[in-house]
2 protein chains.
Amino acid sequence: MTKKSGSFHHGNLSDALVKAATQLITARKAMTFSVREVAQSLGVSHAAAYRHFKSKSDLLAIIAQTGFIDLRDALEAAQIRTSNKIEVKETLRAMGNAYIEYAIHNAGAYRTLFHPNICDVALYPQLHEVSFASLRVLIDILEMGQAQGIVAKAPNAANLATIIWSALHGYASLFLDKQISETGEYFAPPSSREAFLDFIYGGLFAK
Amino acid sequence: MTKKSGSFHHGNLSDALVKAATQLITARKAMTFSVREVAQSLGVSHAAAYRHFKSKSDLLAIIAQTGFIDLRDALEAAQIRTSNKIEVKETLRAMGNAYIEYAIHNAGAYRTLFHPNICDVALYPQLHEVSFASLRVLIDILEMGQAQGIVAKAPNAANLATIIWSALHGYASLFLDKQISETGEYFAPPSSREAFLDFIYGGLFAK
DNA sequence: AACAATAAGTTACCACTGTCAACATTTTGG
DNA sequence: CCAAAATGTTGACAGTGGTAACTTATTGTT
């Protein structure tokens, strides 16, 4: 991960910084990294990063942006994987599982998605756009389900999507923060993911 | 917030530090503070704090601990407020609202509850104990509901409680992180809290 | 009451962080 | 070919968590 030797310029430092930082937080399963160590890992001075990002928060925002895109891709992949099904039920289930899987296997990235330094919509509008794009995948499926007469029509699909998102986010977050576990290894009792999904989607189709 | 003037010793610096730090994060609605500024606000040198806490994380853990206790108190207050009701339905609803209210009105404290530096159960067992004590309030109500034949018997009350906790935590977290709002002021569509609670508890009593 | 032990402050330092300014070099466009 | 712009460099700054060595106050024992 060093620069092209002999060359003064790196070539594509901007992307390299994002990749290296993402790699770090992925390996650490936490969103802690310093700009300086990322620069050093690329064989570049610490100030070089600031030619490409106005601040560390800007770098965080880019990482989060690609994170949301990856998440959306994971959800879409789950949708395609179940596209042979006629009804929407199993697609929703697969998407719920995909969401939680993404959070668990990309703990560092998942945490940056909601980093307090980048939650200001006015400062990072594109970030919130891609966040909404992820949600859009869920909304679309729900609308499809409503058209099929399988999913309850009230509240509307958008509202339903935010509810399901909340639940999935809460489960994933508590899991990453070691407040709940499937095995009950902490103080809280064992919490089955399947039971969780049953419960959430059970409400969806009730009535 | 200065020390008793003229006296070398502060009197009760330990408590004062916790209170001052809590005050800071409450005012900022974020979990950012430095040990040094807290010490300075008490008219004391920065190193004095380290006579009472081995590390900043230890201080965070104490803050989180009292936070969990406050949360449990808020849940119990909701329970008492609805104790004239025969059935458990409205108590659960009130507790759901109390949980979200606590998170919103104590944003800084709520965030420290799940701070990554203190999520290791082995390092801070008492913290996870009080966390579980909060959950216990919910479990008890659910068990009562099951005894009344109102709440579904499967999954068991403990599992149900973690599911509801997940949902509430997700809603509160996304709300604090400005991913969802009741007015739809961001990219995500408006998300009604009442609709959210309807959905969550709807699943509880279904069948 | 005298005095050692301990508790609880102090200053001075360390390595590290984000960020910026001043300077150097490379690439690029006219 | 050269000025302009892009992209790198070093060196500084204030602020951070944390530790060590030192000083002062409190406390318990004789």
Side-chain angles (χ1 to χ4, degrees), chain A residues 1-22 24-25 28 30-64 108 112 115-120 123-124, chain B residues 1-22 24-25 28 30-64 108 112 115-120 123-124:
Chain A
M1 265 308 166
T2 52
K3 66 175 169 177
K4 228 185 319 173
S5 71
S7 70
F8 184 77
H9 283 0
H10 178 278
N12 199 346
L13 185 53
S14 192
D15 284 5
L17 285 166
V18 175
K19 260 178 209 151
T22 305
L24 263 183
I25 62 185
R28 290 178 185 166
M31 58 173 184
T32 50
F33 72 91
S34 76
V35 174
R36 294 171 104 105
E37 68 179 338
V38 173
Q40 195 172 20
S41 84
L42 294 168
V44 125
S45 81
H46 61 272
Y50 287 88
R51 295 286 158 195
H52 301 270
F53 300 98
K54 202 175 63 48
S55 66
K56 184 181 182 180
S57 291
D58 277 21
L59 175 53
L60 281 175
I62 299 288
I63 294 171
T112 52
H115 194 288
N117 286 13
I118 56 178
C119 76
D120 189 336
L123 286 175
Y124 300 102
Chain B
M1 265 310 166
T2 51
K3 66 175 170 177
K4 226 186 320 171
S5 69
S7 70
F8 185 76
H9 283 347
H10 179 279
N12 199 345
L13 186 53
S14 192
D15 284 5
L17 286 166
V18 175
K19 261 177 207 151
T22 304
L24 263 183
I25 61 183
R28 291 178 183 167
M31 58 173 185
T32 50
F33 72 90
S34 75
V35 175
R36 297 172 103 103
E37 69 179 338
V38 173
Q40 195 172 19
S41 84
L42 294 170
V44 126
S45 80
H46 64 271
Y50 288 89
R51 294 283 157 198
H52 302 271
F53 299 97
K54 201 175 64 47
S55 66
K56 184 181 183 181
S57 292
D58 277 22
L59 175 53
L60 281 175
I62 299 288
I63 295 171
T112 49
H115 194 289
N117 285 13
I118 56 179
C119 76
D120 190 335
L123 286 175
Y124 301 102

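Atoms considered below: every heavy atom in the structure, side chains included; atoms not considered: hydrogens, waters and symmetry mates.
Distance, A:Leu17 CG to C:dG18 C1': 15 Å, rounded to whole Å. Taking atom CD of residue B:Gln40 and atom P of nucleotide C:dG9, one finds them 16 Å apart after rounding to whole Å. Between B:Leu24 atom CG and D:dT16 atom C1' the separation is 15 Å, expressed in whole Å. In this structure, B:Arg51 atom CZ and D:dG18 atom P are separated by 15 Å, rounded to whole Å. Between the CG atom of A:Asn12 and the P atom of D:dA6 there is a distance of 16 Å, given to the nearest Å.
Of the listed nucleotides (D:dT9, D:dT7, C:dT10), D:dT7 has the atom at the smallest distance from the side chain of A:His52. Among the nucleotides C:dT10, D:dA12, C:dC13, the one closest to the side chain of B:His46 is C:dC13. Comparing D:dT10, C:dA22, C:dG18 by their closest approach to the side chain of A:Ala47 singles out D:dT10.
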Side chain to side chain contact (heavy atoms under 4.5 Å, CB included) between B:Phe53 and B:Val18, worked out: CA-CA 10 Å; B:Phe53 299 97; B:Val18 175; 3.8 Å; yes
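Contact annotation for A:Ser34: backbone-only contact, meaning every heavy-atom pair under 4.0 Å involves sugar-phosphate atoms and none involves a base. Across all strands shown, A:Phe53 has no heavy atoms under 4.0 Å from either base or sugar-phosphate atoms.
Near DNA chain C, defined here as any heavy-atom distance below 4.0 Å, the residues from residues 55-62 of chain A are A:Ser55, A:Lys56, listed numerically.
Computed from C1' positions of five pairs at each end, the angle between the two local axes of the helix from C:dA1-D:dT30 to C:dG30-D:dC1 equals 0°, rounded to 10 degrees.
Using a 4.5 Å heavy-atom cutoff, the side chains of A:Cys119 and A:Tyr124 are not in contact. Counting heavy atoms from C-beta outward, A:Ile63 and A:Phe33 have side chains that approach closer than 4.5 Å. Inter-residue side-chain proximity for A:Ile25 and A:Thr32 is flagged as unmet; no heavy-atom pair is nearer than 4.5 Å. Put simply, the side chain of B:Leu123 does not reach to within 4.5 Å of the side chain of B:Ile118, judged on heavy atoms.
You'll find a donor-acceptor pair under 3.5 Å spanning the side chain of A:Arg36 and the base of C:dG18, going by distance alone.
Taking the side-chain contact (heavy atoms from CB on, under 4.5 Å) definition, one finds that A:Val35 meets it with A:Ala49, A:Tyr50, A:Lys56, sequence neighbours left out.
Not a single donor-acceptor pair under 3.5 Å links the side chain of B:Thr112 to the backbone N or O of B:His115. Looking only at distances, no side-chain donor or acceptor of A:Arg36 sits under 3.5 Å from a matching main-chain atom of A:Gln40.
Residues A:Ala20 and A:Ser41 come closest through the heavy atom pair CB-OG, 4.0 Å.
The residue among A:Tyr50 and B:Ser45 whose nearest nucleotide of DNA chain C lies closer to the 5′ end is B:Ser45. When each of B:Phe33 and A:Leu13 is assigned the nucleotide of DNA chain D with its nearest heavy atom, A:Leu13 is the one assigned upstream, toward the 5' end.
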